[in-house]
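Below you'll find the structure, written out as structure tokens, and then a few comments.
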Amino acid sequence: MTDVASTCDPGVSRLIGWFRTDGADFPWRRTRDRYAVLVAEVQLQSTQVGRVVPYFEAWMTRWPTACDLAAASLGEVLAAWQGLGYPRRARNLHLAARRICDVGWPGAADLTDLPGVGPYTAAAIRCFADGAPVLPEDTNVARVLARRFPDGWPGTPQGLGWEVGQAFMDLGREWCTARAPRCDDGCPLRAGCPAASAGAVLERTPPRRRQSRFDGSMRQRRGVLLRELTAHGSVVADRDAAAAASLVADGLARVDGAVLVLPEHP
DNA sequence: ATCCGGACTA
DNA sequence: TAGTCAGGAT
């Protein structure tokens with residue numbers, strides 16, 4: 001492992017030496033459990049680590065395996081998801097668990113066949129669970145790569161999968177931040193960094209798209225309705241017909257007469 | 001190109 | 001109060 005690290009880009013080798021190895025904030029990244037990584041990374045996409053960890057631990061206690069989750073009802077899953085943001089992700093996770101329990105995991109190259117699993121989550125599973133030399137590119141990592149390796153990332157050395165992924169993510173969060181990167185405050189990738197040498201923050205890697213305000217939004221209205229629905233099992237549909245229709249369209253609710261109820265198992 | 005949930009922060 | 005945030009589906 002040390003041998004491999006010493007043969008890759010010196011900056012990366014320094015980075016690996018620098019990153020925190022406790023892993024306390026990311027228990028799932030040491031489990032080598034694909035299901036655990038899937039659950040946690042999807043949860044993380046909706047909120048931040050500090051808030052996710054308790055949810056994750058409760059989730060894994062309640063549904064330790066994909067088949068345990070598959071056996072749950074969508075209503076239970078949505079109720080447990082309360083506070084984690086987009087309920088779509090919970091539904092996709094539930095669907096994915098059913099498929100995994102039923103027919104097993106897709107091939108390593110086809111993880112994105114699972115509902116709600118895109119390039120990032122697939123890479124995270126390969127990296128953190130499988131230990132594959134794959135770098136999960138979230139927006140933070142993409143920013144680090146764009147600044148430090150504008151001509152392309154040379155690739156993760158074999159045998160250093162999760163260490164490199166964790167290191168890049170930590171670096172993106174703590175040093176190579178979007179607005180005020182701490183280049184000269186001990187960044188392990190400082191040497192040879194074109195962005196730091198240019199003395200500029202550079203443009204943000206993906207041009208940010210503004211999001212419509214939350215107050216009064218359909219997101220908020222859906223949230224109100226779904227909270228009621230998961231808490232009581234039903235809610236009067238015409239209380240907010242548009243939001244109700246939106247939930248139904250997403251498979252998160254079903255109309256039963258005048259009330260909105262949880263959908264049947266698909 | 002837009003939508004999606006809600007907590008955090010300036 | 002207003003802006004920011006992130007991956008995936010459509």
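The sequence lines fix the lettering, A, B, ..., with proteins before strands; numbering per chain opens at 1. Since this is a predicted model, take the numbers as computed values, not measurements.
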Taking 4.0 Å as the cut-off, does a side-chain nitrogen or oxygen of Thr139(A) come that near to OP1 or OP2 on dG7(C)? yes

Applying a 4.0 Å non-hydrogen cut-off, can you work out what Ser217(A) is touching in the nucleic acid: base, sugar-phosphate, or nothing? nothing

Could you give the CD-to-C1' distance, from Gln211(A) to dG5(B), as a whole number of Å? 8 Å

Measure from the side chain of Gln48(A), starting at C-beta and using heavy atoms only, and say which of dC8(B), dG5(B), dC3(B) lies closest. dC8(B)

Distance col, row Thr65(A):OG1 vs Met60(A):CE, nearest 0.5 angstrom, shows 8.0 Å

Under 4.0 Å between a side-chain N/O of Arg219(A) and OP1 or OP2 of dG6(B), yes or no? no

Please report whether the SG atoms of Cys101(A) and Cys67(A) are separated by less than 2.5 angstrom. yes

When we call it a touch if two heavy atoms are under 4.0 Å apart, what does Val117(A) touch: a base, just sugar-phosphate, or nothing? sugar-phosphate

Among the candidates dC8(B), dG8(C), dG6(B), find the nucleotide nearest to the side-chain atoms of Arg51(A). dC8(B)

Does the distance from a Lys or Arg side-chain N to an Asp or Glu carboxylate O, for Arg29(A) and Glu41(A), drop under 4.0 Å? yes

Between dG5(B) (P) and Arg222(A) (CZ): distance, integer Å: 4 Å

Between Trp59(A) and Tyr55(A), ring centroids under 6.0 Å: no

Looking only at atom C1', what distance separates dA7(B) and dA9(C), rounded to whole Å? 23 Å

Once you round it to whole Å, what is the distance between P of dG8(C) and CD of Gln43(A)? 15 Å

Tell me the interatomic distance from Tyr86(A), atom OH, to dC3(B), atom C1', rounded to whole angstroms. 8 Å

Whole-Å gap separating P (dA9(C)) and CG (Leu95(A)): 11 Å

What distance do Arg88(A) atom CZ and Trp81(A) atom CH2 have between them, rounded to the nearest 0.5 Å? 13.0 Å

Map Thr121(A) and Ser212(A) onto DNA chain C by nearest heavy atom, then report which one ends up closer to the 5' terminus. Ser212(A)

Could you check whether Thr47(A) gets within reach of a base, just the sugar-phosphate, or nothing at all, counting any heavy atom under 4.0 Å? nothing

Note: for Phe214(A) and Arg210(A) on DNA chain B, the residue whose nearest nucleotide lies more 5' is Arg210(A)

Which of the following nucleotides, dG7(C), dG6(B), dG8(C), is nearest to the side chain of Asp138(A)? dG7(C)

Atom CG of Leu114(A) and atom P of dG7(C): how far apart are they, to the nearest Å? 18 Å

Would a single hydrophobic cluster contain both Val255(A) and Met218(A), if residues Ile, Leu, Val, Met, Phe, Trp and Tyr are joined by side-chain heavy-atom contacts under 4.5 Å? no

side-chain N/O Arg221(A) vs dG5(B) OP1/OP2, d < 4.0 Å: no

Could you state the atom-to-atom distance from CZ of Arg89(A) to C1' of dA6(C) in whole Å? 7 Å

Which nucleotide sits closest to the side chain of Gln45(A): dG6(B), dC3(B), dG7(C)? dG7(C)

Quote, to the nearest angstrom, the P distance that separates dT10(C) from dG5(B). 15 Å

Whole Å only: how far is the CG atom of Asp215(A) from the C1' atom of dA2(C)? 10 Å

